[in-house]
Asks: 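Let me begin by handing over the structure; questions about it come next.
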Amino acid sequence: MLPVRSKPAPTVQDLGLRLLNCVFLHRHGDRTPSVNFYAHSKESEKAKEEINWWKAKMPPIKKLEELSKRFPAEERNGHQETEIESSAGYPFGHLTQSGLKHLHEQGSKMRKRYRNQLEGIQPKDIYAQSTNFARTKESCRSFLEGFLPPEWSIPIHVLEKDKDFLNPWESNNGLSKAVQEMTVLDKAFEVQEEKHQHIRESICKHLPFYNANPEKFLWVYSGDYYVCHDSHDRELHEELEDYRDNVLNHVAWRFLRWYHNEKVGQLAIGDFASAVKYIFEAENGNSIGADVLPESHLMKKFFVFSAHDVTLLPFMVSLGIFSNYETGTSDFDKVWPEYGTVLSIEHLVNERDERFIRVLRNDHEIYPLTHLSELSFLWEGEERNTLSKPVP
């Protein structure tokens, strides 16, 4: 489980160290459900009601346009951003007003925490990158608005899908195939699926989207139904209310089971870990460049990566944070990175030029100050899921 701490972690200056660079990996903010669960036809009154209800939760288009101009997306494939209201599926799968506000608050908190390290830096010292989703780009912009001085403007880089190390589930690195193979071969999935079969049948029966398209059923989307409704006190279907914990804990179990597998875990986080490695080694003069990040972007002070829960979770697993993970049950509310979670991966140095790493989650330490050399397992697949010994 994650440690529960009442006080924020010490700042870099409190530790008596110097910050070489810091990688922020944050989840997008609060959003609407991925799909309209009440849509079985466009003429459904309930489906229309659902659309209008979630539209009312959207940020003002004018505000999104202002942020887009200040922090434009630079997509390597040359594609232009689609206007929000004309994008496919709108308003589903989009950032809400509360999500936009939360990311701004998170950026402001990070600005306060690193105010000493921000002194004297310029826009060229900041690198921002997002997955190619409206909700992650908007989240990144709002974080940057809170983190940077009001007169600054920087681009947000968006990589081609097959090179996007922030979203390996949609890249071509083999993660999806490895997960499919593991789900078939690992009998624990069969046992758990049978245990939850009655819940799956009930969801498909009572949510029109799945009733009309049972082949599209996904546990993670079903969990999405509960999370999005929870965050807005939106009433659940009366026949599905009691399944909330069962569904969400099952989602957490599935992903933790996958990510604790050596092959799947490495595919899920390996490319991002490599990017962190290149960033930290560039500061040490050892980097030879990488496909994942252009060499011209490596020598920065702060890196802001806007991604998803399924990006943050395998990184946390790789650090050994869930060392007491049990194969039968998982508590979603205790392990899952909530909307707007910010992981701060600090690269630090002392007076003897010894390098360290520390990881914070929303201002609280989840990985102690550790010699950088002890973290090779993150990107080499050695000693995975074993917490390194902290510095005395």
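All residue numbers in this chain count up from 1 along the given sequence.
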Asks: Can Asp363 and Lys109 be counted as an ion pair, charged N to O under 4.0 angstrom?
Replies: no
Asks: Do the side chains of Leu95 and Phe133 join up, straight or via other hydrophobic residues, at under 4.5 Å, putting them in one cluster?
Replies: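 Hydrophobic grouping puts Leu95 apart from Phe133.
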Asks: Quick one: do Asn362 and Gln106 satisfy side-chain hydrogen bond (donor to acceptor under 3.5 Å, both in side chains)? Show the steps, please.
Replies: CA-CA 8 Å; Asn362 299 335; Gln106 291 287 65; 3.0 Å; yes
Asks: Give a yes or no on whether a salt bridge exists between Lys63 and Glu145, defined as a side-chain N under 4.0 angstrom from a carboxylate O.
Replies: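 Yes.
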Asks: Can you say whether the rings of Phe255 and Trp258 are parallel (under 30°), tilted (30 to 60°) or perpendicular (over 60°)?
Replies: perpendicular
Asks: Under 6.0 Å from the CD atom of Glu238, do we count more than 12 heavy atoms belonging to anything else shown?
Replies: no
Asks: Between Phe217 and Trp219, does the ring centre distance come in under 6.0 Å?
Replies: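 Yes.
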Asks: Output the distance between atom CG (Leu166) and atom CG (Leu25), rounded to the nearest 0.5 Å.
Replies: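 These two atoms lie 7.0 Å from each other.
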Asks: Does the Lys NZ or Arg CZ of Lys300 fall within the cation-pi geometry relative to Tyr127 - under 6.0 Å from the ring centre and within 45° of the axis?
Replies: no
Asks: Please examine the side chains of Arg355 and His371, heavy atoms only from C-beta on, and report whether any two atoms are closer than 4.5 Å.
Replies: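 In short, these two side chains do not touch, never coming nearer than 4.5 Å.
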Asks: Can you tell whether the side chains of Arg244 and Asp333 come within less than 4.0 Å, N to carboxylate O?
Replies: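 Counted as a salt bridge, because a side-chain N and a carboxylate O are separated by less than 4.0 Å.
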Asks: How many angstroms lie between atom CD of Gln180 and atom OG of Ser176, to the nearest 0.5 angstrom?
Replies: 6.5 Å
Asks: Does atom NZ of Lys112 have more than 12 heavy-atom neighbours from other groups under 6.0 Å away?
Replies: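 Incorrect, the count does not exceed 12.
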Asks: Do the side chains of Glu235 and His229 get nearer than 4.5 Å, heavy atoms only?
Replies: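 No; the side chains remain at least 4.5 Å from each other.
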Asks: Within 45° of the axis and under 6.0 Å from the centre of the six-membered ring of Trp336, does NZ or CZ of Lys334 qualify?
Replies: no
Asks: Please tell me whether Lys137 and Asn132 have a donor and an acceptor in their side chains that are separated by less than 3.5 angstrom.
Replies: yes
Asks: How about Thr136 and Thr131: does a side-chain donor come under 3.5 Å of a side-chain acceptor?
Replies: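 Indeed, the side chains of Thr136 and Thr131 share at least one donor-acceptor pair under 3.5 Å.
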Asks: Ring centres under 6.0 Å, that's the criterion: do Tyr114 and Phe302 meet it?
Replies: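 Here the rings of Phe302 and Tyr114 have centres that are less than 6.0 Å from each other.
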Asks: Would you compute the distance between atom CD of Gln117 and atom CG of Asp125 and round it to the nearest 0.5 angstrom?
Replies: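 These two atoms lie 13.0 Å from each other.
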Asks: Are Glu190 and Lys187 close enough for a salt bridge, meaning some N to O gap below 4.0 Å?
Replies: yes
Asks: Please enumerate all residues that pass ring pair (Phe, Tyr, Trp, His ring centres under 6.0 Å) together with Phe209, with sequence neighbours excluded.
Replies: none
Asks: Using a distance-only test with no angle check, is there a side-chain donor-acceptor pair under 3.5 angstrom linking Ser274 and Asp271?
Replies: no
Asks: Looking at NZ of Lys48 and CG of Asn36, how far apart are the two atoms once the value is rounded to the nearest 0.5 Å?
Replies: 12.0 Å
Asks: Can the ring centroids of Tyr38 and Trp53 be said to lie less than 6.0 angstrom from one another?
Replies: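 When the ring centroids of Tyr38 and Trp53 are compared, they turn out to be at least 6.0 Å apart.
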Asks: Considering residues, nucleotides and ligands other than Phe189, do more than 12 of their heavy atoms fall under 6.0 Å from its CZ?
Replies: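 It does: Phe189 CZ has more than 12 such atoms within range.
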Asks: Measuring centre to centre across the rings, with the benzene-like ring taken for any Trp, is His104 within less than 6.0 Å of Phe143?
Replies: no
Asks: Can the ring centres of His102 and Tyr339 be said to be less than 6.0 Å apart?
Replies: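 Ring-ring flag for His102/Tyr339: false, centres at least 6.0 Å apart.
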Asks: Examine His232 together with Trp54 and report whether their ring centres are nearer than 6.0 Å.
Replies: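 For His232 and Trp54, the ring centres are under 6.0 Å apart.
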Asks: Between Phe147 and Trp152, is the ring centre distance below 6.0 Å?
Replies: no
Asks: Could you measure the distance from the CZ atom of Phe37 to the CZ atom of Phe92? Nearest 0.5 Å is fine.
Replies: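 Separation between the atoms: 9.5 Å.
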Asks: Indicate yes or no: at least one non-hydrogen side-chain atom of Cys140 is less than 4.5 angstrom from one of Val304.
Replies: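 Of all side-chain heavy-atom pairs linking Val304 with Cys140, at least one is under 4.5 Å.
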Asks: Tell me, do His94 and Arg31 make a side-chain contact under 4.5 Å, heavy atoms counted?
Replies: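 Not touching, per the 4.5 Å side-chain cut-off.
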Asks: For this output row, return yes or no: ring centroids of Phe165 and Phe305 closer than 6.0 angstrom.
Replies: yes
Asks: Roughly how far, to the nearest 0.5 Å, is CD of Glu338 from OG of Ser231?
Replies: 12.0 Å
Asks: Is it the case that one hydrophobic cluster holds both Val191 and Val251, taking links as side-chain heavy atoms less than 4.5 Å apart, direct or via other members?
Replies: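 Per the 4.5 Å side-chain linkage, Val191 and Val251 are not co-clustered.
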Asks: Which residues pass the ring pair (Phe, Tyr, Trp, His ring centres under 6.0 Å) test with Tyr226, not counting sequence neighbours?
Replies: none
